[in-house]
Structures are given as structure tokens and as C-alpha cells.
Amino acid sequence: MNSTLYTSSLQAVIFDLDGVLVDTARFHDQAWAELALGLGYVLTETDRHALKGRSRADSLEYLLEKAGWNDADPSQKSRWLQAKNARYLELVEALTPQDAAQGALVLLDQLKSQGIKTALGSASQNAAKVLQKIGLDSCFDTVVDGTRTTRSKPDPQVFWMAAQDLGYEPAHCAVVEDALAGVQAALAGGFLTIGLGDASVLLGAHRVVHQFSELSVQGLQAWHFAFNHNNT
Ligand code: B16
Ligand code: MG
């Protein structure tokens with residue numbers, strides 16, 4: 001689409017963290033898989049997709065149901081949650097700014113220079129630490145993470161809070177997400193929804209790209225224009 005032929009009203013882009021700005025989804029996967037194995041359950045590919053984007057507590061409930069541990073008491077659950085998080089944090093320790101998604105810093109700078117606000121919208125309670133490890137901790141106009149939310153994706157709360165922080169309606173914002181739960185949250189919230197990953201998994205996303213470097217300011221504006229004109 002020729003940029004001279006349309007005017008996009010895209011005001012903000014909200015980025016998911018794990019699996020979008022940095023490949024920490026593999027660390028969550030590994031930590032859950034190890035915990036599951038200890039419970040006598042082998043995590044499947046379907047489970048891995050189902051766990052993505054969900055809060056830590058929701059993820060444990062999912063896993064316990066799959067593993068047939070329906071009678072675990074709250075103190076045991078809390079020990080499992082701590083063990084999973086400790087393992088995840090061990091793996092995260094190795095991250096450096098080189099691990100930020102290729103093109104992330106450039107895109108964030110370009111959005112800023114075009115007057116488009118940026119936000120982080122993550123379910124993670126470890127978002128601040130991960131952002132700091134990859135050198136993106138001062139790059140966003142607002143950060144909404146699992147320390148602020150009370151409802152887990154696919155509930156749109158995290159993205160609504162980000163849009164509210166920035167003072168924009170969801171219809172003027174785009175969300176970039178790697179998880180089906182996150183795509184569902186963004187769709188339910190009324191956002192232009194960009195999936196990052198496999199289109200056969202990220203059902204319903206308005207657009208799907210395979211890698212972060214396929215995102216550009218112009219592309220996002222063109223997709224947003226089409227979204228607002230019911231032409232996605
Ligand atoms: P934590 P995102 C999500 O982050 C992950 O996708 C999900 O796998 C994880 O369980 C969730 O954060 C909670 O993370 O255990 O660090 O609080 O993708 O929404 O950025
Ligand atoms: Mg994610």
C-alpha cells in the first residue's frame with residue numbers, strides 16, 4: 001500500500017515480552033517440562049502452546065489437571081510454583097542484550113520518532129528483570145506485567161491497562177503476540193492483533209509474521225488502516 005494514499009490513526013503498539021521481544025518462551029517451556037517430568041507427566045507440543053502467555057498460577061493448574069494431580073494442596077502448589085520460577089530465573093540469568101529480538105531496538109526507536117507510543121503487555125512477573133537483562137528496560141512508554149494484572153490472558157486486561165496508561169482507545173493500538181492466549185486477549189480487547197509465529201496456531205490474528213524483523217512502522221500503519229476500514 002502506498003503511504004501517500006492513506007492516513008493511519010495508529011497511536012500505540014503494545015508488545016508481548018516472552019516469545020516476542022526475546023526467546024524466553026523456551027525457558028518457560030523447559031522449566032515447566034522439568035516440573036511436569038517430576039510429576040510423572042511428559043509435556044506435549046499441544047501443552048506447550050496451551051501454556052504460552054498464561055500466568056504462572058494458571059499454567060500450574062493446567063499442568064496438574066493434565067498430570068492427574070487433582071488433590072494437591074495450596075502449600076504444595078506454592079512449592080511447585082517457586083521451584084518452576086527458580087529454574088526459570090536460573091535460565092534467564094544467561095540473557096544479554098544480544099538476545100533481544102533482531103530489530104526490536106530499531107523498531108522501538110522508529111515508532112518513537114514517528115510519535116507512536118510503545119508499551120509492554122506481558123503476563124510475566126519477571127518482566128522487569130528480563131527487560132533489564134536484554135537492555136530494553138527504558139524503551140517503553142508504559143510497562144504492564146504480571147505484577148499489575150489480576151486476570152490472565154486470554155482476558156484482555158493486560159492490554160486494556162496498557163492502552164489506558166497511554167490514553168488511547170484499543171481501536172487505535174496494535175498488539176504483537178506469540179501465544180494463542182495472547183492473540184485471543186488482544187482480539188477480545190478490540191486491538192489490531194499481529195501474531196508472531198505459526199498462523200495455524202495463532203488462530204484469528206489479523207496478521208501473522210514469522211519473525212520480528214518482518215515488522216515495520218509502515219507495515220503496522222498499513223495493517224492498522226486496513227483494520228479500521230474492515231479490510232484485514
Ligand atoms: P512468569 P508473556 C508469559 O509472558 C509467558 O508467555 C508464559 O509462558 C508465562 O507462564 C507467563 O508469562 C508468566 O510468567 O512465571 O515469569 O510470571 O508471553 O505474556 O510476556
Ligand atoms: Mg508471549
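All residue numbers refer to positions in the sequence shown, counting from 1. Counting starts at 1 for both ligands and their atoms, in listed order. Values below: every heavy atom of this structure, side chains too, minus hydrogens, waters and symmetry copies.
- Nearest to atom 18 (O) of ligand 1 among the protein's heavy atoms is D16 OD1, 2.9 Å.
- Looking only at protein heavy atoms, the nearest one to atom 3 (C) of ligand 1 is D18 OD2, 3.5 Å.
- For atom 20 (O) of ligand 1, the nearest non-hydrogen atom of the protein is S122 OG, 2.7 Å.
- The shortest separation from a heavy atom of G19 to ligand 1 is not under 4.0 Å, leaving the residue out of contact.
- In terms of protein heavy-atom proximity, atom 6 (O) of ligand 1 is closest to G53 N, 2.8 Å.
- Residue-ligand proximity: K153 is placed with a non-hydrogen atom under 4.0 Å from ligand 1.
- Side-chain contact between W80 and L63 is absent, with no heavy-atom pair separated by less than 4.5 Å.
- Restricting D178 to its N/O/S atoms, the shortest distance to the Mg ion (ligand 2) is reached by OD1.
- Around atom NZ of K133, more than 12 heavy atoms belonging to other residues, nucleotides or ligands sit under 6.0 Å away.
- When hydrogens are left out, the protein atom nearest atom 15 (O) of ligand 1 is R56 NE, 2.7 Å; that is the closest non-hydrogen contact.
- The local environment of CD in E214 is crowded, with over 12 non-hydrogen atoms from other residues, nucleotides or ligands closer than 6.0 Å.
- The nearest heavy-atom contact from the protein to atom 11 (C) of ligand 1 is R54 O, 3.0 Å.
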Take E177 and T193 through the side chain to side chain donor-acceptor pair (under 3.5 Å) test and state the conclusion after the steps. CA-CA 8 Å; E177 251 297 342; T193 305; over 6 Å; no
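- Annotation: atom 17 (O) of ligand 1 to nearest protein heavy atom, Q125 N, 2.7 Å.
- At least one side-chain heavy atom of D178 sits less than 4.5 Å from a side-chain heavy atom of K52.
- Side-chain atoms of T44 and K66, non-hydrogen and from C-beta on, never get closer than 4.5 Å to each other.
- Against a heavy-atom cut-off of under 4.0 Å, L17 is close to the following atoms of ligand 1: 20 (O).
- Applying the 4.0 Å criterion to heavy atoms of N126 picks out, from ligand 1, the atoms 1 (P), 16 (O).
- With a 4.5 Å cut-off on side-chain heavy atoms, Y88 and T24 count as touching.
- What you find for A104 and F212 is that their closest heavy atoms are CA-CE2, 3.3 Å.
- Residue K84 has at least one heavy-atom neighbour below 4.0 Å for each of these atoms of ligand 1: 15 (O).
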Apply side chain to side chain donor-acceptor pair (under 3.5 Å) to the pair Q110 and Q114, showing each step before the final yes or no. CA-CA 6 Å; Q110 287 172 347; Q114 303 265 338; over 6 Å; no
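- Below 3.5 Å of separation, one finds no N or O of K52 facing any N or O of ligand 1.
- Expressed to the nearest 0.5 Å, how far CG of D165 lies from CD1 of I14 amounts to 9.5 Å.
- Contact annotation for S124 and ligand 1: heavy atoms of both the backbone and the side chain come within less than 4.0 Å of the ligand.
- For the side chain to side chain donor-acceptor pair (under 3.5 Å) test with H28, the passing option among R54, R87, K84 is K84; the others fail.
- Among the heteroatoms counted here (N, O or S) of D16, OD2 is the one nearest to the Mg ion (ligand 2).
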Run the side chain to side chain donor-acceptor pair (under 3.5 Å) check on R79 and Q82 step by step: do they pass? CA-CA 5 Å; R79 282 196 293 279; Q82 278 172 31; over 6 Å; no
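- Residue G121 has no nitrogen or oxygen atom sitting less than 3.5 Å from a nitrogen or oxygen atom of ligand 1, judged on distance alone.
- Polar contact check, D178 against ligand 1: no nitrogen or oxygen pair lies under 3.5 Å apart.
- N126 contributes no side-chain N or O that, together with a main-chain N or O of K129, makes up a donor-acceptor pair within less than 3.5 Å.
- The ligand atoms of ligand 1 that sit less than 4.0 angstrom from a heavy atom of S59 are 10 (O).
- Closest N/O/S atom of D18 to the Mg ion (ligand 2): O.
- Looking at Y88 next to ligand 1, no N or O pair under 3.5 Å apart turns up.
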